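This report concerns only the one structure given below.
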Protein chains: 2
Amino acid sequence: MPVLNETHNPDLRSWVSSANSPDTDFPIQNLPFAEFRRKHSVESFRGGVAIGDQVLDLAAAKGVFSETAAIGAQACTASTLNEFMSLGAPVWSALRLALSRVLRQGAAEQSILETCLIPQDEVEYSLPCTIGDYTDFYTSVFHATRVGSLFRPDNPLLPNYKWVPIGYHGRSSSIDVSGQTFKRPQGQIKAADAAEPSVGPCKRLDYELEIGIYIGVGNAPGEPIVLDDSDQHVFGYCLFNDWSARDIQAWEYQPLGPFLAKNFASTVSPWIVTNEALLPYRAEFKRDAADPQPLPYLSSDSNSGEGALDIKLEVLLQTQQMRNRHESPAKLSESNFVYSYWTVAQMVAHHTVNGCNLRPGDFFGSGTQSGPEHEQGGSLLELSRGGKESITLPNGEQRTFLEDGDTVVMRGYCETEGAARIGFGEVASTVLPANS
Amino acid sequence: MPVLNETHNPDLRSWVSSANSPDTDFPIQNLPFAEFRRKHSVESFRGGVAIGDQVLDLAAAKGVFSETAAIGAQACTASTLNEFMSLGAPVWSALRLALSRVLRQGAAEQSILETCLIPQDEVEYSLPCTIGDYTDFYTSVFHATRVGSLFRPDNPLLPNYKWVPIGYHGRSSSIDVSGQTFKRPQGQIKAADAAEPSVGPCKRLDYELEIGIYIGVGNAPGEPIVLDDSDQHVFGYCLFNDWSARDIQAWEYQPLGPFLAKNFASTVSPWIVTNEALLPYRAEFKRDAADPQPLPYLSSDSNSGEGALDIKLEVLLQTQQMRNRHESPAKLSESNFVYSYWTVAQMVAHHTVNGCNLRPGDFFGSGTQSGPEHEQGGSLLELSRGGKESITLPNGEQRTFLEDGDTVVMRGYCETEGAARIGFGEVASTVLPANS
């Protein structure tokens, strides 16, 4: 079991009363980081911490911190969190502990810090850091098998899958924060019965339900990060929607992988839930007895014991019609990051085993997190069985893939015996019509 | 024919006498940009221009420029060229014209500028800009066919190849400048006759002879760059060695493409030869009559007429033994960028057709530039026919793939009737032993 500390105590209460609500994503046990400013302002973006329905402005609050925590808070005043992320786990941890103490009921700092709170309703977010490189993994064996059976019916799960944490490089320029809108992509599409491809708007636009992982401390070229050191390198987690154009993908992806099918937009939730905040939700890393044992660089007793993360995930859809009628988003599916075939530590160890260097702010997508059941599919490609079965929404609308005006919302939270419930907030983004 | 101007006049001579040597890469018609500082110094890197065997230090020289050229020269004083690249073709062009005039024989600025020259022998280089995203294309149909026949003997050239400028995302963190050394990568390798993979040093380490392309001006998300506008966006070119671990690649690359086989190191030549300097070497873009016509977004009269670039390329190898004996590098192959199946304008138009945004400093690799003949292979994988035939070097050493201590050198130059010869300098980098 990972070593918990006083910040994880489920009995802690904050003087910010909304943080004590049983259904808040942001109790005092969470303390995630984002870059924010007041809506419609020309203020600089700066680091903040979520507490209940408020943001603690670290640029305003930094004076209450001392020693190591003060170094961390000062770094958070920048317009990206890269410097803070680069300072390492002892600094992240010191600031978390200090935040927990000053935000607790009875803290002497309450009267000062009350002036440093801004309601989350009144702020807007930017990407929390400059993402140098983005790598997308493919860690759900259920997703890989179901998608593989659609693209390659005779050969759904390739022989390398249970040995190699499959990943590929993605594009960082088009990653944006929740609220992102994007035009339906155009591209080359070849219908199965057509002799030649043609160019037009994507007809099979899809989302992918992923966990995003931010690297804090990188490694020097040629110096791999060993599995058991990954907690010193992983800063935190978010929700991640890796938009996908399935028809463009089907025509372009061989032999070098997805390209234009993926690089038009990808959306992160604004808050980074820290690796430390997630320690109580570490879970057993399960393998079927028939599965191969991970190779030595992907294996350790400590990682195998508690290497997975129990993060409950859900995808919702709000169509234009629902928005017009003020209807809430409809749930499409639920899943859990615990189903991942590979742990984050294994992703880090694999990514660097060849000497590849990671840098502060680098980003991993987990790959679509589908569960074992059909209903737990993390994409419409899966839920609609490759577009063959349409999904009926509660208001009677139907979908196989996404329509213009659709907003996809993803949420995630952790809840386990003996720990506070903490949440990720949400990532929501909307499809606009293609260029005409 | 592209519109040339006075800077392209082959009769121009410089007061820097080494620039008038018939075999220099850097006559006054070239004027490429790099980031440099004095060797073994703690100076800041800053922009410079190559002239003969000298570097013109733009931070020192900026006072001689006026108006638009002065804006460009000021931007070049930064430690990366990103800002200069973002200023656009009119600024790039104004600075080039001003540089050409002040470096010509008889220029009044000679005495001032003589104090702003530093011998290239006395400087070191950094990456010329921050590369946000790196995309690797696959534009040599000869490379694609030969490599395809090794990986997929029954299906060497996939049906999409002649329609789609195939590309995939690469990793920018491990791109470094000529002089880069890197440890032989370790990774999962599965021998054809083995039941399971194992982990160890790459045994099939290879280079790839590529042209690198720097984007100057990007595009907004959702706003594609049309083919005929590409000259407003492409800043310049370099030589590029995209190191590849063939055995790691063979096991990992399906279904999402190469990953650890490519991301341990990639090396650029220090000088960016500008798009404008290369105008005299534009060449006809040739297709076989049997090849499909490019789709409309990849086609235009102007591009088809003079869309290719005649850049002569060569790869050389200097082994540890050669270095010990002070022997020159041995030539492995020659090729030409003119063989590329897709033009740079087509790469730009394709990359953005889906709305993907490019940013200043983004980088494309052309893919391995192999010519039609076996001897023109741009990788050892091709020259050794998949490792089946070893290559005998002039000193008697043999290679199928690279050995520790091998230095791979790539050179490139342009030479055509009625224009000055201009060159790219070289990219050289060396394989170190794997971690033990």
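Here the structure is a predicted model, which means the values were calculated and not measured. Below, chains carry the letters A, B, ... as their sequence lines are ordered, and counting in each starts from 1.
- The side chain to side chain contact (heavy atoms under 4.5 Å, CB included) test with A:Phe259 singles out one residue from B:Asn354, B:Thr135, B:Ile166, and that residue is B:Thr135.
- With a threshold of 4.5 angstrom between heavy atoms, B:Pro255 approaches chain A through its backbone and through its side chain.
- In terms of heavy-atom pairs under 4.5 angstrom with chain A, the leader among B:His351, B:Glu252, B:Glu196 is B:His351.
- Within a 6.0 Å sphere centred on NZ of B:Lys162, other residues, nucleotides and ligands contribute more than 12 heavy atoms.
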>> Determine whether A:Tyr297 and B:Gln188 satisfy the following criterion, side chain to side chain donor-acceptor pair (under 3.5 Å), listing intermediate values before the conclusion.
In response: CA-CA 10 Å; A:Tyr297 77 102; B:Gln188 286 194 34; 2.9 Å; yes
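- In this structure, A:Lys183 and B:Glu223 have side chains that are in contact, with non-hydrogen atoms separated by less than 4.5 Å.
- The shortest heavy-atom contact between B:Leu256 and A:Tyr168 is O-CB, 3.4 Å.
- Taking each heavy atom of B:Arg171 and A:Asp133 in turn, the nearest pair found is NH1-CB, 3.2 Å.
- In this structure, chain A has a heavy atom under 4.5 Å from the side chain of B:Leu295, while its backbone stays farther away.
- The main-chain N or O of B:Asn357 is found under 3.5 Å from a side-chain atom of A:Ser173 such that the two form a donor-acceptor pair.
- If you measure heavy-atom distances from B:Asp136 to chain A, you find no contacts under 4.5 Å at all.
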>> Between B:Ser172 and A:Arg359, is the side-chain contact (heavy atoms from CB on, under 4.5 Å) condition met? List the steps.
In response: CA-CA 10 Å; B:Ser172 58; A:Arg359 297 179 292 191; 3.3 Å; yes
